[in-house]
Chemist: 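Before we start, here is the structure in question, set down as C-alpha cells.
We use all heavy atoms of the structure for the numbers below, so side chains are in, but hydrogens, waters and symmetry mates are not. Protein chains get the first letters and strands the later ones, always in sequence-line order, with residue 1 at the start of each.
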Amino acid sequence: MLDTKSNERRLTVARAMAESIAQEMRVDDRVFVMGEDIGDLGGVFGNTRGLVEEFGKDRIRDTPISETAFISAAVGAAMDGMRPVVELMFVDFFGVCFDAIYNLMAKNIYFSGGQSSVPMVLMTSTGGGYSDAGQHSQCLYGSFAHLPGMKVVSPSNAYDAKGLMTAAMRDDSPVIYMYHKGLQGMGWLGTEPGANVNTPESDYTVEIGKAKVLREGTDVTLVGLAMGVHNALKAADNLAEQGVSAEVIDLVSLVPLDRETVINSVAKTGRLIVVDEDYNSYGVSGEIITTVCEHDISKLKAAPKRVTYPDVPIPFARNMEQFCLPNADKIVAAYKDM
Amino acid sequence: MLDTKSNERRLTVARAMAESIAQEMRVDDRVFVMGEDIGDLGGVFGNTRGLVEEFGKDRIRDTPISETAFISAAVGAAMDGMRPVVELMFVDFFGVCFDAIYNLMAKNIYFSGGQSSVPMVLMTSTGGGYSDAGQHSQCLYGSFAHLPGMKVVSPSNAYDAKGLMTAAMRDDSPVIYMYHKGLQGMGWLGTEPGANVNTPESDYTVEIGKAKVLREGTDVTLVGLAMGVHNALKAADNLAEQGVSAEVIDLVSLVPLDRETVINSVAKTGRLIVVDEDYNSYGVSGEIITTVCEHDISKLKAAPKRVTYPDVPIPFARNMEQFCLPNADKIVAAYKDM
Amino acid sequence: MSPTKEQQLWMYENMVVSRRFEESIEKIYMEGKSPAFNMANGPIPGEMHLSNGQEPVAVGVCAHLTKDDIVTATHRPHHQAIAKGVDLKKMAAEIFGKVTGLSGGRGGHMHIFDSNVNFACSGIIAQGCGPACGAALSRKMQNKPGVAVAFLGEGAVNQGAFHEAMNLAAVWKLPVVFVVEDNAWGISVSKADSTAVPRNDVRAAAYGMPGHFIENNDPYAIFEIAGQAIERARAGEGPTLIEIETFRLAGHFMGDAEGYRPEGEKDALFEKDPIPSMRERLLADGVSDAAGLDKIEADALARVEEAIQFARDSEYAPDEDALTSVFAA
Amino acid sequence: MSPTKEQQLWMYENMVVSRRFEESIEKIYMEGKSPAFNMANGPIPGEMHLSNGQEPVAVGVCAHLTKDDIVTATHRPHHQAIAKGVDLKKMAAEIFGKVTGLSGGRGGHMHIFDSNVNFACSGIIAQGCGPACGAALSRKMQNKPGVAVAFLGEGAVNQGAFHEAMNLAAVWKLPVVFVVEDNAWGISVSKADSTAVPRNDVRAAAYGMPGHFIENNDPYAIFEIAGQAIERARAGEGPTLIEIETFRLAGHFMGDAEGYRPEGEKDALFEKDPIPSMRERLLADGVSDAAGLDKIEADALARVEEAIQFARDSEYAPDEDALTSVFAA
Ligand SMILES: Cc1ncc(C[n+]2csc(CCOP(=O)(O)OP(=O)(O)O)c2C)c(N)n1
Ligand SMILES: Cc1ncc(C[n+]2csc(CCOP(=O)(O)OP(=O)(O)O)c2C)c(N)n1
Ligand SMILES: [Mg+2]
Ligand SMILES: [Mg+2]
C-alpha cells in the first residue's frame, strides 16, 4: 500500500476522496453531496474540490450551518432512493447533530425491519496536532463505533481513501467515513507524506470491515487506524533498527471490526500495543485489547498496552498538545516497558 | 448496603433522589432544578416528586422541550454561581444536546484554565427491559464515560442514590448521574426490589470515584453497575448454590474509575466477568477488561468475559429484547464457559 | 377548497377507524396490567400514546396525499398512520410485537414504518422534520412528484431540529408541509409554559413561508388549509407551516394520571369530540344519512377487529431476529 | 440614546485597540508560516479568525456593559473581548499559548475566558446562546443585577441552539440580548444561500420579542439600539434580538483565499472601514481634535505592544499542565 515507486500516480487523501465521489456521481445520478462549504470552497479539507464545477449546485449543495437538518435530510433522501454523501466539517461538531446520526440514520433500517435501506455516507474530519484546541482536534472514533447501526471506517492513505469512499457510496447501509486532517495532504495543515500513495485512476473498492497487515513481524503487534498507523509504522522502523520485529495492522474499519486479523497477529507475536489518538478510556483501545484477551489470554507473553490520548480535553498550546498525542517514541517506549 | 432488616427506612431510588435534592435545596439557595416535566408531574420517573410543592416554580423549573437550551443554560448558571440540577428525561435523547454536555459543560473548566467551576448535575434515566424500544431503552454509559471532563456515576440502590446525588450537588465539577429505570421503584415500570434499601434520613455523601465490593468471593469477580449489579448478585447466589464463590463489585462511578478495586479483586479471584447493559463494543466492558489485562495478565486464570447488550438497536418485542439483555443466567453460563 | 362528499366520507371513515383502533388498543393494553399497572406486562408492553381526539388533523391533511407522498410521524402516530394508508393489520401486529408486524416486532408503537406508503415515524421530538425535507429534496432532484408532510406536536416546535428544518425547507424551496398538532400539552407542560408565542403560525415568518393557525380541531378547515399548502408545495412554491388546535382526550401516555390538567378541561373537550360533531355535520349537510354512516362505522369496527385479530393470532418472531436487519440486506 | 463624548471616545479607543491588536496578531501569525503556509507552525499556531471591520458591534454593545455583565463570545472573539475589558496581556499570552495566558495556554484564540469580567467563548456555532440565558437566569434568581449578551454570526442563526435559547429567554423573560454580527458570510456561504429571510430581525417575532436590524456597521446606531435593549433587559422586560450589518475585512480565517467572494466586494468594504469613518465623525462633531485622537491611537498601539511583548516574553506551561484543570480544583 505505502509503496514508493517513482512512476506512480500519487494522490493526496483529499484528492482521492474527491475523485471517488466524482467518478461515482458520473455513473450514479442518485449520489449527491451536502455540507458546509463543500461547494465553491471545495470543502475546508479539500475533499470536494472540483465537484461543484463539474456537477453544479443542485448536486453539490452548500448548506446552512444546520447539521441536524441536513444530516437528517440526507436520511430522508436516502430512504427515498437517493445516495447522499454528507459532510460534518469537524467530527467535534457531532454533539449538535448526533441524534440525527446515531438515533435516526443508524436505526431506521432496523426500526423499519429492513423495509428501508439508508444508503448514505457521512464524512467527517478528525484529529489534532496543529493546535486547533479542544473543539476542533478530537478523533471520537470510539463515540461512533460504540453505537449500533452505522459502519465506521477511517483510511490511512489515499489508496484506501478512494476505495473506501467508493465502497461506502455503494453500501446500502450508513457509513461514517472519518478522515484524519493530518493525512489530507492539505499544505496548510501539514501532512503525513506516507498517506500520499499510488492510487489507480479507475474506480475500485476497498472492503469495509477488513483490516490490513501493513507490515509483517514476529515480536509485537501494533494496531492502529488513520494517523495511528503512521505512528506505528515509524515505531516499527525504529524497533527494527533495534532488532525488534513489529507487525503493523491498519484496522481500516471499526465497524465491522476485523477481530480475526488482530487475534491471529497477536497469536503469532504474543504482544499487543494499540495506538489510538482518541481518548484513552472506554474507546477503541479497550475494545481491541479486550478482543484479544477475551479470545485467548494464553497467547499473550506480556500485558497488552495502549498509546492513546489521555482523558483530558485537548489543549491549545503546542507543547501541551504534543505531550498528549501518541507518537512513535511512545510506542517504542511502550514496547520496551513490556 | 443491600441490607434487609425489618426496622429499616427503605426508600425507592426515586424517593432517595428527591430527598437528597430537597435536603440540599433547604440548605443551599444556589441549588435549583430544571427539566421536562419535573415540576407538577414530579419527573416522569418520580425523582423530583414533591419538590415544586416545597420550593415553588422559580426553583423547580419545567422547561420547553429544548434540551440544548436548558442544559447549556445550566452551564451558564453554574459558571455564574448557581448549582443547577438538570434532567435529561431519557439518556437516549442525548443526541439532541450532546454538544452542550460534552463540548461545553465538560470542557469549560479546562478551557478557562480553572478560572471557572461548573458545579452542576445532569441526571438522566437509563435502561430497558420494559419494551420501550430503541429510542427509550438505552444505557449509553460508555458514550458519556469515554469523553473527558465529566464525572459519571450510576447508583444501584437507594442508599447510594441519595449519597451520590448529594455528593454530586456538592461537587464543583459537572456530574452525570445516570439512574436506571428498572431500579427507580416506580410501580408502573416494574422494579428491582433489591434497589430499595435502608436509607438514612439525614444527609450524607457517597464518594464519587469509589467502587464497592458488595459481596466477597474467591473464584470469580463479577463487575457491574446499576442493574448489572443486581444481575451479578443473583448470579452470585446461583453460583454459590453450585459451590462457586463470586465476588461482586458495584462500580458506582465510571469517571473517575476505581481501577484498583477491580484489579485487586481479580488478583484474588483470577477470573473476571463484566456485566453491562450498554452495547458490547467500544464501551464499559472493554474498559474494565483492559484495566485488568493491561495491569497484569499473569493474575488471570481464564480469559475474561463480558455479558453485555449486543451491538444492535433495542427491539420492541419483549422476547427479542429479553433475549438481548444481560441476566443472571447468562452470567452463570459465562462462568461455566471459563 | 372544500372536501367533496367522497372526501368527507373518507375523512369520517378514517377518523372512526382510528378511534376504534385506539379504543381497542387501549383495552388490550390494560390486559395483564391490573391489579398492578406495570408497563412491561401484557400483550402490548411499553409506552402507549393514544391520539384519540386528534383524528381531524390526520385526515384533513392526508386526504390530500397519495401513497407516493411522504409522511414523517411522531411518537403519537396511529391516526397519522391510518390516514396515510399504512397497512392496518401489519401495524396492529407491530404494536403487539409480532413477526407479522411491519418491522417484525423490532419497532413497536413508536416506530411505525410502512415503506409501501412512504410512512416513517420516530420517538424523538421533532426528529421527523429533517427527513421530510430530505425526502422532498429527493423528489425535487429526481423530478418526481411528491410532497412530504412532517407532523409534530406544539411542544416539539421548541426543539432546534424544527428550526433548522424550517429554514432548510425555505432556503431550498422544498415541497414540505410542517403540521403542528397543538393539543395544548407537552406531557405535563402547557403551551403557555413552554412557548414564547401563543400561536406557532407566527413562526413561519421567520422563514419567509406562509403560516396558518386552525382553531377548534375542525376537519373541514384543516382540509381546506392543508389542501392549499399541499397544492402550493406540489406547484413548486415551497413549504408551509400549519398549526392546528386539536384535543388530547387521553393522558400523555397510558398510565398518566393527568393531575396537572385543570379541572374540567377534559370534560369540555369531550363535549367537542370531533367524531360525533362530524357525524352531525355530515347528516345536517345531507352528505349521508344515518344508515350510511352507521355502515361506515360498522365497517370501520370490522376492519379494526380483523386487524387486531390478525395481530393476536400472529406469532412472535424468533428471539434471534433481534440480531438481524441492523444493516441493509 | 446617544453616546456621551466620553463614551464616543471610549468606543473609538477600543475599536483602535482591537484593530491594532489584530494587525499585530496577523503579522505574528505569519511568522514561521512562510514560505510554506502550515497552520501548525509559528508562535501562534492553529486557526485564526480576525474581526477586523467588526469592531463597531463590539464597542457599540459593550459600551453599555459593566464587568459584572456577562458576554458569551464566538470563534471570532477578539473585538468582543477587548470591548468587554478582558485583560489584554493575558489574552495575548493565551493566544500565544503561554502559561501566563488567561487559561494557561489550554484554550487559545477560540477559547478566551476571563472570569473577572464574565467573559466566555466557544468555537462551536451558537453554543453561547444557552449559557447566556443561564447566566441571565442566575442573576434573576439571585436578584442580582446583570445582563447577558450572546454574540453570534448571521450564519449561526440557523443553528438549533439559537432557536431554543431564544424561546427559553422569552418564555422566562430573561435579561439577555442576542447580538447577531451579520458580516454576510458563514465561511464561504453567503447569507442568501443559507438563510430563508434577508434580515434576521424578523425572527424575533417568532419569540414575541423585539427585533432590530442596524445597517452599515454604524457604531452610533449600534450604541443606541443596544442601549435600549440592554436597558430593557435591566428593567426586567426581557430579551431582544439585534442583527447588525458589519464587515468582514479579512478571510474567514487566516489562509482563506476567499475565491468565493465576488470581485470588488472587499474593496468596497475597505472604503467604508469603520475606524477612519468614526475618526472623521469625531472630528466633525468636535468630540476631539486630531491631536486628541492621535494620542488615543498612540496609546492604543502602546497597550497592544505591551500586551504582545508580555505574551512573547512569557514561558510556555510545563507539558504536564495539559493534564490539570480538567476538574475543578
Ligand atoms: C428530544 C426529546 N425530548 C423529550 C422527549 C420526551 N417526550 C416525549 S413526548 C413529549 C411531549 C411532546 O409534546 P408535543 O410535541 O406537544 O406532542 P404531544 O405528545 O402533545 O402529541 C416529550 C417531552 C422526546 N421523546 N424527545
Ligand atoms: C456547530 C458548528 N458547525 C460548524 C462550525 C464551523 N464553522 C466555524 S465558523 C463557521 C461560520 C460561521 O459563520 P457566522 O456565524 O456568520 O460567523 P462568522 O464566521 O461570519 O463570524 C462555521 C460553519 C462550527 N464551529 N460549529
Ligand atoms: Mg402537545
Ligand atoms: Mg458571518
Side-chain angles (χ1 to χ4, degrees), chain B residues 29-32 34 57-59 61-84 86 96-97 99-100 102-120 147-151 171-175 208-209 255-256, chain D residues 70 72 94 99 101-108 110-116 118 120-142 144 146 148 150 159-169 171-172 174 317 321-322 324-329:
Chain B
D29 278 351
R30 300 168 301 176
V31 178
F32 71 106
M34 283 194 279
K57 282 180 184 292
D58 195 43
R59 291 182 73 194
R61 299 190 159 251
D62 273 334
T63 61
I65 311 174
S66 306
E67 290 84 358
T68 296
F70 70 79
I71 293 173
S72 58
V75 177
M79 290 175 68
D80 197 55
M82 300 294 282
R83 302 184 83 84
V86 284
V96 303
C97 55
D99 185 67
Y102 103 100
N103 225 359
L104 174 73
M105 180 192 82
K107 289 181 180 165
N108 267 3
I109 294 175
Y110 192 81
F111 287 152
S112 75
Q115 292 176 74
S116 294
S117 60
V118 183
M120 64 180 276
L147 298 166
M150 44 193 165
K151 301 185 180 181
D171 205 300
D172 285 337
S173 300
V175 179
I208 294 175
V255 180
Chain D
I70 299 106
T72 60
E94 187 61 31
V99 69
L102 289 161
S103 308
R106 291 178 192 79
M110 274 192 280
H111 306 283
I112 300 292
F113 284 74
D114 188 344
S115 62
N116 286 331
N118 291 292
C121 186
S122 166
I124 299 294
I125 289 307
Q127 200 192 53
C129 295
C133 292
L137 173 64
S138 161
R139 297 302 168 87
K140 206 176 156 173
M141 290 182 73
Q142 296 182 66
K144 276 197 205 164
Q159 182 73 205
F162 165 77
H163 171 68
E164 295 192 6
M166 288 285 285
N167 182 62
L168 195 73
V171 177
W172 289 351
L174 299 174
D321 270 18
T324 63
S325 291
V326 178
F327 293 115

Chemist: Rounded to the nearest 0.5 Å, how far does CG of L168(D) lie from OG of S72(B)?
Modeler: 8.5 Å

Chemist: Do you know the tightest heavy-atom contact between A161(D) and T68(B)?
Modeler: CB-CG2, 3.8 Å

Chemist: Donor-acceptor check, side chain of Y110(B) to backbone of A322(D), threshold 3.5 angstrom: yes or no?
Modeler: yes

Chemist: Against chain D, label V175(B) side chain, backbone, both or neither, depending on which of its atoms sit under 4.5 Å from a heavy atom there.
Modeler: neither

Chemist: Nearest 0.5 angstrom please: Q142(D) CD to R30(B) CZ, how far?
Modeler: 9.0 Å

Chemist: Relative to chain D, which of D80(B), T63(B), I65(B) shows the most heavy atom pairs under 4.5 Å?
Modeler: D80(B)

Chemist: Which answer fits K107(B), side chain, backbone, both or neither, if we ask what part of it has an atom under 4.5 Å from a heavy atom of chain D?
Modeler: neither

Chemist: Measuring heavy-atom distances to chain B, does T72(D) have an atom under 4.5 Å in its side chain, in its backbone, in both, or in neither?
Modeler: neither

Chemist: So, taking the atom named CG in D99(B) and the one named CD in Q159(D), what distance separates them when rounded to the nearest 0.5 Å?
Modeler: 8.0 Å

Chemist: As an exercise: rank G108(D), G104(D), G134(D), A136(D) by heavy-atom pairs under 4.5 Å with chain B and give me the winner.
Modeler: G134(D)

Chemist: In Å and rounded to the nearest 0.5 Å, what is the CD1 to CZ distance from I109(B) to F113(D)?
Modeler: 10.5 Å

Chemist: Can you see which heavy atom on S103(D) is nearest to which on G113(B), and at what distance?
Modeler: CB-N, 3.5 Å

Chemist: Pick from D29(B), V118(B), D58(B), V75(B): which one has the most heavy-atom pairs with chain D under 4.5 Å?
Modeler: D58(B)

Chemist: Quick check on L102(D) against chain B: is it the side chain, the backbone, both or neither that has a heavy atom closer than 4.5 Å?
Modeler: both

Chemist: So, do P64(B) and N167(D) sit near enough that their side-chain heavy atoms are less than 4.5 Å apart?
Modeler: yes

Chemist: Who wins among E67(B), M79(B), M82(B) for the most heavy-atom pairs under 4.5 Å with chain D?
Modeler: M82(B)

Chemist: Please round to the nearest 0.5 Å and tell me the distance separating atom SG of C121(D) and atom CZ of F111(B).
Modeler: 10.0 Å

Chemist: Which pair of non-hydrogen atoms, one from E164(D) and one from A69(B), has the smallest distance, and what is that distance?
Modeler: OE1-N, 3.0 Å

Chemist: Which atoms of S115(D) come close to chain B, meaning under 4.5 Å heavy atom to heavy atom: side chain ones, backbone ones, both, or neither?
Modeler: both

Chemist: Is any side-chain heavy atom of F70(B) closer than 4.5 Å to one of L137(D)?
Modeler: no

Chemist: With a 4.5 angstrom heavy-atom cut-off, is it the side chain or the backbone of S116(B) that approaches chain D, or both, or neither?
Modeler: side chain

Chemist: Select one option (side chain, backbone, both, neither) describing which atoms of E94(D) are under 4.5 Å from chain B's heavy atoms.
Modeler: neither

Chemist: Counting only heavy atoms closer than 4.5 Å, note whether N118(D) contacts chain B via side chain, backbone, both or neither.
Modeler: side chain

Chemist: Of all heavy-atom pairs between S173(B) and F327(D), which one has the smallest distance, and what is that distance?
Modeler: OG-CB, 3.3 Å

Chemist: With chain B as the partner, which of L174(D), D321(D), N116(D), D114(D) has the greatest number of non-hydrogen pairs under 4.5 Å?
Modeler: D114(D)

Chemist: Heavy-atom pairs under 4.5 Å with chain D are the metric here; pick the option from L104(B), N108(B), D172(B), V96(B) that has the most.
Modeler: L104(B)

Chemist: Can you tell which of G146(D), G107(D), A135(D) has the highest number of heavy-atom pairs within less than 4.5 Å of chain B?
Modeler: A135(D)

Chemist: Heavy-atom cut-off 4.5 Å, strictly under: side chain, backbone, both or neither for M34(B) against chain D?
Modeler: side chain

Chemist: Return the OG to CZ distance between S112(B) and R106(D), rounded to the nearest 0.5 Å.
Modeler: 9.0 Å

